Amino acid sequence: MPKLLNESEVETYRRQGYHFPIDALSESEVASFRKQLEDYEAESGGPIKGEMRHRSHVLFTWINEMIRHPKILDAMEDLLGPDILCWNTSFFIKEPHDPGFVSWHQDATYWGLDSSDVATAWIAMSSANRVSGCMKFIAGTHKQQVRHDDTFDEHNLLTRGQEIAVKVDENKAVYVELKPGQASLHHVLLFHGSEPNRSDERRIGLAIRYIPTRLKQAVGQRDWATLVRGKDTYGHFLPEYVPKRDLEPAALAHHKMVSEEQVRVLYRGTGKKAYRA
Ligand SMILES: O=C(O)CCC(=O)C(=O)O
């Protein structure tokens, strides 16, 4: 018996490589998470940036709460089974009229994981629609890895500005419009991207990457993850730091070490040593 999705939704995810929307966070939950993000941004003098945008669940208690949200985990259990690790989190934020975009890509390309049994829950912390540059998906493209070219385009929000090197039929794009608190689920090989934000509002999404405990990091020397449901009888990933207070020194130190290791995997072959600002 699935826990949150019904059998036809699970079947649709397997066939199309995605499912949306799910009603993940309540109105008050999403408002509180957004306020905590924006309080941090007000104190730090601007939008969250650089390495702080990635693996942020190690730094902020409220993101640690988000990755463990029962509704999101119920959906993940339906897709990945009972033993689940959160491998990473990344903010994708586009300011009003921001030229930032995300080229068509497959997530698996540079992550170094040894299986494509990986799913993302993308949580809308604002509304995401065609005007504000919501994600777009191409159904059924999650069956094989294709070649990517690195562009390092200054407005591309991806690490290398990587884009799919084969022809992508834009006419087949499905636009992932979400209300605040809703989430979409996508497979690590699905073709997806997003356009610039042409609206007057911020478009804020948190992408949470989940894996079954049996996966391994096949490229990096070592990798970390947080057990969020079930048991980890494999121990392939080192346990991630769990914050007790936002931005506590031990969390910042752990985050720095893990980010350096992750940058080595994500930017391998490019000579780059840090996330883009
Ligand atoms: O938020 C976006 O526009 C793109 C997100 C994305 O590429 C991802 O979550 O894998």
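Indexing begins at 1, ligand by ligand and atom by atom, following the structure's order. Note that the structure is predicted; figures quoted are calculated from it, not measured.
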Any side-chain donor near an acceptor of the partner, His105 and His148, under 3.5 Å:
no
Examine the side chains of His97 and Asp200 and answer whether a donor and an acceptor come within less than 3.5 Å of each other.
yes
Atoms of ligand 1 close to Asp107 [distance to a heavy atom under 4.0 angstrom, numbered from 1]
10 (O)
Which ligand 1 atoms, with their elements, are less than 4.0 angstrom from a heavy-atom of His192?
6 (C), 7 (O), 8 (C), 10 (O)
Considering only heavy atoms of Ala207, which atoms of ligand 1 have at least one such atom less than 4.0 Å away?
9 (O)
Here the pair of heavy atoms bringing Tyr210 nearest to Met66 is OH-O, 4.3 Å
Parallel, tilted or perpendicular, judged at 30° and 60°: which one describes the rings of Phe137 and His186?
tilted
Could you list which atoms of ligand 1 come closer than 4.0 Å to a heavy atom of His105?
7 (O)
Cut-off 3.5 Å, side chains only: do Glu29 and His69 have a donor facing an acceptor?
yes
Matching residue for Arg229 among Asp74, Asp83, Asp78 - test: salt bridge (charged side-chain N to carboxylate O under 4.0 Å, His left out):
Asp74
State the atoms of ligand 1, each with its element, that fall below the 4.0 Å cut-off from a heavy-atom position in His186.
8 (C), 9 (O), 10 (O)
Nearest-option assignment for atom 9 (O) of ligand 1, heavy atoms, candidates Lys136, Arg209, Arg203
Arg209
If you take the nearest heavy atom of each of Ser194, Ala121, Gly100, which one is closest to atom 3 (O) of ligand 1?
Ser194
